[in-house]
Amino acid sequence: MDLEQKNYALEESQQFIFSVLASMSDLLVVCDRHEMIEEVNQALIDFTGKREDELKGTSLLSLFGESESFAAVKHVIARLATEPAHDLEFQFLTRDGGTTPVTLNFTPRLSGTGKLLGIVITGRPIGELHRAYHALRETHDELKRTQQQLLQSEKMASLGRLVAGVAHELNNPISFVLGNVHAMRRYTTRFKQYLDAMHAGVSHVSLATLREQLRIDHILSDLAPLLDGAIEGAERTRDIVDGLKRFSATDRNENVKFNMTEIIERSVHWVTRATPAKFRVKIRLPDDLPVTGSPGQMQQVIINLIQNAADATDHQAEPLLEVSAREENGEIIVLFRDNGPGIATDALDKMFDPFYTTKPVGKGTGLGLSISYGIIERHGGKLSVGNLQHGGAEFVLRLPRTSNS
Ligand SMILES: Nc1ncnc2c1ncn2[C@@H]1O[C@H](COP(=O)(O)OP(=O)(O)OP(=O)(O)O)[C@@H](O)[C@H]1O
Ligand SMILES: [Mg+2]
């Protein structure tokens, strides 16, 4: 009776151990101190594609794919009593005849007196992990490259949008200069006629008549303003080109002190050249808002905010954007408030997501705000959005104020 009970208990515990081993997803090999396999689990059988009886009694080394591993394994086992061996990577033979990396843990089985009886080895195939890691890495690199390209293309797009305005802006002074120069060319023929008569020695009387006819006095008095006009037009052209040059100098890693007020004024100036005439921007800013970082990047942020407001207020009778700023606890806070439709509640938390746009293809990429968010963050600030009580959107830009020392 006693024996029967013991037998039953033994069977139970055997069953228990068997089910534990069978349910292990890690590979398990138990071998004696001569590296002969004594026990394996189902995971190893599945992995090697060999039968249990084929595995048992063979050398542990038969599991390894590279003969260089043999010496290394022997070395590990020899020092196992004093030196634990965890997470060692070896190539294991797979069921299809190939090899795959496996990380192994070697644990000694010691007798009561500390003698090495055998070794328990558990392993986990990491081939999949390796491949997944490499794939992830490649995707990550690819993503980084794409992001760089997007950044560049967004910059180009915001510049491109301005070109129409710039063309318009340049048109005026250039036609001014051209008109005046043409007028002066017409005048020179008359001057020539008059001078020729003078050199030919015609009489005083006929000279006076010619002077009257050719309206020489009128030309003389007109000359100065024509020249002034031409000079002014040329200077205006130069200023526009200067402004543009500063504009396109969006060096990404600049770190200089600049005046945010100037950036905002310049951006408003340029963007409004390219927006419908009815779009008005009211600026109320202190003369000096010192910030440190990249003025080019900051300009990109401001331009997008102004452009967005212009787009959003397009259907209003009197589209308006108000830009104001204040300083508070060492922070510069700039508000952009428009009288557009504002932002739907469910769109509020998507605004800064890349590619979120409600604009038609070709008009917006949906990158403006997400790139701006990153830029402001790199400047130690914050960009947030909300709705005004009586409609319209409000963007709040916070930046650390640079001290005036
Ligand atoms: N002032 C605003 N009022 C209402 N909606 C706005 C305003 N500013 C932005 N939005 C909404 O947020 C979306 C995302 O703006 P964002 O600047 O990121 O991209 P975009 O203007 O659509 O395209 P991009 O700036 O790349 O040309 C816009 O499409 C628009 O729906
Ligand atoms: Mg935009």
Side-chain angles (χ1 to χ4, degrees), residues 146-166 247-248 250 252 263-264 266-276 278-284 296-325 333-379 381-398:
T146 315
Q147 202 191 15
Q148 270 325 98
Q149 282 166 2
L150 283 176
L151 233 115
Q152 186 61 22
S153 65
E154 165 70 14
K155 204 169 80 186
M156 296 323 281
S158 66
L159 271 176
R161 273 197 291 271
L162 293 170
V163 168
V166 174
F247 203 87
S248 51
T250 49
R252 305 203 303 111
I263 299 281
I264 295 173
R266 203 189 306 154
S267 304
V268 168
H269 173 86
W270 283 109
V271 177
T272 47
R273 306 293 115 170
T275 53
K278 61 174 184 168
F279 177 63
R280 279 198 313 129
V281 184
K282 244 197 239 171
I283 311 179
R284 262 182 303 123
Q297 287 185 358
M298 206 50 80
Q299 195 152 255
Q300 199 177 333
V301 172
I302 306 297
I303 286 176
N304 182 56
L305 289 175
I306 302 167
Q307 185 68 50
N308 282 355
D311 292 340
T313 55
D314 198 31
H315 294 297
Q316 307 298 327
E318 290 179 6
L320 177 68
L321 168 68
E322 288 181 89
V323 188
S324 60
I333 303 170
V334 192
L335 304 177
F336 297 80
R337 297 173 158 169
D338 64 52
N339 65 351
I343 294 135
T345 328
D346 62 338
L348 273 174
D349 52 354
K350 289 189 228 143
M351 301 284 290
F352 299 103
D353 289 352
F355 304 115
Y356 174 75
T357 181
T358 54
K359 296 174 191 174
V361 178
K363 188 110 198 288
T365 58
L367 285 172
L369 285 175
S370 84
I371 288 175
S372 299
Y373 192 89
I375 291 176
I376 298 304
E377 226 174 29
R378 278 197 297 283
H379 281 78
K382 265 194 80 119
L383 181 61
S384 56
V385 63
N387 281 314
L388 294 166
Q389 242 173 16
H390 29 272
E394 179 187 58
F395 283 84
V396 183
L397 173 56
R398 292 166 179 273

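Start at 1 and go down the list; that is how both ligands and their atoms are numbered.
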Open item on the list: Test side chain to side chain contact (heavy atoms under 4.5 Å, CB included) on Glu318 and Phe279; report intermediate values, then the result.
Closed with: CA-CA 7 Å; Glu318 290 179 6; Phe279 177 63; over 6 Å; no

For [X], counting its heavy atoms only, list the atoms of ligand 1 lying under 4.0 Å from any of them.
{"X": "Ala393", "result": "1 (N), 2 (C), 3 (N)"}
{"X": "Gly366", "result": "18 (O), 19 (O), 20 (P), 22 (O), 23 (O), 24 (P), 26 (O)"}
{"X": "Gly342", "result": "4 (C)"}
{"X": "Thr357", "result": "20 (P), 22 (O), 29 (O)"}
{"X": "Asn308", "result": "8 (N), 9 (C), 15 (O), 16 (P), 17 (O), 21 (O)"}
{"X": "Asn304", "result": "17 (O), 25 (O)"}
{"X": "Met351", "result": "6 (C), 9 (C), 10 (N), 11 (C), 12 (O)"}

Task: Straight-line distance of Ile306 CD1 to Ser267 OG, nearest 0.5 Å - done: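 Ile306 atom CD1 to Ser267 atom OG measures 5.0 Å (nearest 0.5 Å).
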
- [ ] Give, for atom CG of Asn304 and atom CD of Gln299, the distance between the pair rounded to the nearest 0.5 Å.
- [x]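 So the gap between those two atoms works out to 12.5 Å.
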
TODO: Kindly determine whether Leu320 and Thr313 satisfy side chain to side chain contact (heavy atoms under 4.5 Å, CB included), including the steps that lead there.
DONE: CA-CA 7 Å; Leu320 177 68; Thr313 55; over 6 Å; no

Side chain or backbone of [X] under 4.0 Å from ligand 1, or both, or neither, by non-hydrogen atoms?
{"X": "Leu305", "result": "neither"}
{"X": "Ile343", "result": "side chain"}
{"X": "Phe352", "result": "neither"}

Task: ring pair (Phe, Tyr, Trp, His ring centres under 6.0 Å) involving Phe352 - partner list, sequence neighbours excluded - done: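 Testing Phe352 for ring pair (Phe, Tyr, Trp, His ring centres under 6.0 Å), a comparison that skips the adjacent residues, returns Tyr373.
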
TODO: Step by step, work out the side chain to side chain contact (heavy atoms under 4.5 Å, CB included) result for Val301 and Ile376.
DONE: CA-CA 8 Å; Val301 172; Ile376 298 304; 4.0 Å; yes

In residues 382-394, what donor-acceptor pairs under 3.5 Å come from side-chain atoms, sequence neighbours left out?
residue: Asn387; atom: OD1; partner: Ile343; partner atom: N; Å: 2.7
residue: Asn387; atom: ND2; partner: Ile343; partner atom: O; Å: 2.7
residue: Glu394; atom: OE2; partner: Arg337; partner atom: NE; Å: 2.6
residue: Glu394; atom: OE2; partner: Arg337; partner atom: NH2; Å: 2.8

Task: Minimum heavy-atom distance between Ile333 and Val396, given as atom pair plus value - done: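 For Ile333 versus Val396, the nearest heavy atoms are CG2-CG1, 3.8 Å.
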
TODO: Take Gln300 and Leu305, measure what side chain to side chain contact (heavy atoms under 4.5 Å, CB included) needs, and give me the verdict at the end.
DONE: CA-CA 9 Å; Gln300 199 177 333; Leu305 289 175; over 6 Å; no

Open item on the list: Polar contacts were defined as any N/O atom of the residue lying under 3.5 Å from an N/O atom of the ligand; does this apply to Ala309 and ligand 1?
Closed with: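 The answer is no, given that Ala309 and ligand 1 share no N or O pair closer than 3.5 Å.
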
Open item on the list: I want to know if ligand 1 touches Ser370 in the polar sense, i.e. an N/O pair below 3.5 angstrom.
Closed with: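 No, Ser370 has no N/O under 3.5 Å of an N/O on ligand 1.
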
Open item on the list: Using modelled atom types and a 3.5 Å cut-off, is there a donor and acceptor pairing between side-chain atoms of Lys278 and backbone atoms of Gln316?
Closed with: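 Between the backbone of Gln316 and the side chain of Lys278 there is a qualifying donor-acceptor contact (under 3.5 Å).
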
Open item on the list: With a 4.0 Å cut-off on heavy atoms, is Phe336 in contact with ligand 1?
Closed with: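 Distance cut 4.0 Å: Phe336 fails for ligand 1.
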
Open item on the list: Restricting to N/O/S atoms, is Asn308 within less than 2.8 Å of the Mg ion (ligand 2) or not?
Closed with: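 Yes, within the cut-off.
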
Task: Under 2.8 Å: N/O/S of Thr357 next to the Mg ion (ligand 2) - done: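 For Thr357, the answer is no, given that no N, O or S atom comes within less than 2.8 Å of the Mg ion (ligand 2).
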
